[in-house]
Amino acid sequence: MESHGALTSDNRAALWKGRFSEGPDAEAVAFETSIHVDERMALDDIYGSKAHARMLGETGIIPLSEADKIVAGLDSISKDLEEGRLSIDYSAEDIHSFIEGVLTDRIGEPGKKIHTGRSRNDQIALDERLYLRRCIPDLKNRLLTLIDTLASIADFHTGDIMPGFTHMQHAQPVTLAHHLCAWAWMLVRDTERLSDGLKRISLSPLGAGALAGSSLPLNRESAAKDMGFDNVVQNSLDAVSDRDYCIEFASCFALIQMHLSRFCEEIIIWASTEFSFIELSERWSTGSSIMPQKKNPDFAELIRGRTGKVYGSLVALLTMMKGLPLSYNRDMQEDKESLFDSYDTVISCVNVFTKMISSAKWNCDTMSSSCDGGYLNATDIAEYLVKKGMPFRTAHGVAAKAVRIAIEKQRRLEDLDISDFKSCSDLISEDIYSRITKDACVNARNLTGGPSSERVKEQILLLKEFVRQKR
Ligand code: ARG
């Protein structure tokens, strides 16, 4: 393993030590260093530096031959990092100083030119954008896999009726497919939000320097084009002090995590003995050290629990930025821990959630028989009467009377005698029975977005099409 000499523990402040007669206090170094966090952007830092070097060569700011040497040196560093021949030196202040140090060790004098016309302030802003551009598509793909998984499960259950809830009380019958699609649509929005964020970060801050650009004839536009950005950030002060994109993505992560957490809450309830709507696979459940019978939904609970720190990261970022005057302030170094931690948490939660849900067993009979207890078809009696010309408010009262009789007789609405119905309204006749079965109630709700199997099949196709297009 190579260790490089430019940045030893005695020489940590290599990039800026010239102005100082004393080295920094060891505790000060430990306090300000960020390499343990920003090391994950090593390849992005190298990618950006290569584009910078090429631009320095093309503009004649440095000789082309030296630009080539820098690029080749940077390539060798990234190869060695990827293949494990070079390890990060944690005594370096940050990833920028580490890479510049290794480069100069390897290629000598030309390495000292890589930082021409550049500051770590525009460099870090660039690295973050490049990192997000590289990693966000992975999260997007995992969300697409989850959407696809939910749509596929839904496809099996367009005829499986379950109670729909409001206030956690039985409301109207829906199907498991309809319910699963509702979750999938939230994830569609999450995916679109990520794509939208990616569009906004496609601007290069490089060339903004420390805050005020450079007197050297840099070509910001060509470097931006080289790196595949749509354009450059238009204001140098804004370029080095903007962290909106961190906050934007952290808020995307918070929304994704909120959706997963709500879904997990439901799974935890559904896995209870009282509900028994779902049975989680043994591979995605845990046991108890004392109660031998236990099979616990810990993974759903952990996902729900980790939502706290994902929200925490968003609040940390918003609060970190709220009082910062222009332009760069060192406070901003703290952005990465929150951004990376929330990203890591969300991506692992999406992954685990997908595995947990795709291996679960759905107890459709239990769901269906659970509809028998809650008068879920009361609204259908009212709508039956509306179809026979009764004003809805009157029909609501008539159906409520039928519910009272059913409660008194301890029967389901569909088991009342015709005389019971007639005592509520003369407009009710024998055909009521065929209108208030679970199936009839679900399939009569045939508007776009409704639970009828025909409509839900359309939703499933739309979800599948979304996944296909975005992949
Ligand atoms: N580690 C710093 C950060 O993440 C990089 C920029 C350092 N700039 C400086 N002027 N000290 O923000």
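All ligand and atom numbering here is 1-based and tracks the order in the structure.
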the protein heavy atom lying closest to atom 12 (O) of ligand 1 turns out to be Y328 OH, 2.5 Å
Polar atom proximity, K336 to ligand 1 (N or O, under 3.5 Å): yes
The option among M332, Q333, R120 carrying the non-hydrogen atom nearest to atom 2 (C) of ligand 1 is Q333
re atom 8 (N) of ligand 1, the protein heavy-atom contact at minimum distance is N121 OD1, 2.9 Å
Residues R120 and E93 bridged, charged N to O under 4.0 Å:
yes
Here the gap from M55 atom CE to K50 atom NZ, rounded to the nearest 0.5 Å, amounts to 15.5 Å
Going by the 4.0 angstrom heavy-atom rule, the piece of R330 near ligand 1 is side chain
- Nitrogen or oxygen of H96 less than 3.5 angstrom from that of ligand 1: no
Exercise for review: State whether E109 and K112 are salt-bridged, where the test is any N-O pair (Lys NZ or Arg NE/NH1/NH2 against Asp/Glu carboxylate O) under 4.0 Å.
Suggested key: yes
Practice task
Would you please indicate if the ring centroids of W270 and H179 are separated by under 6.0 Å?
Solution key: yes
Do the side chain of D122 and the main chain of G207 share a donor and acceptor less than 3.5 angstrom apart? yes
In ligand 1, the atoms that come under 4.0 Å of a heavy atom of S34 are 1 (N)
Query raised in the report: When the ring centroid of H170 is compared with that of F165, is the distance short of 6.0 Å?
Result: yes
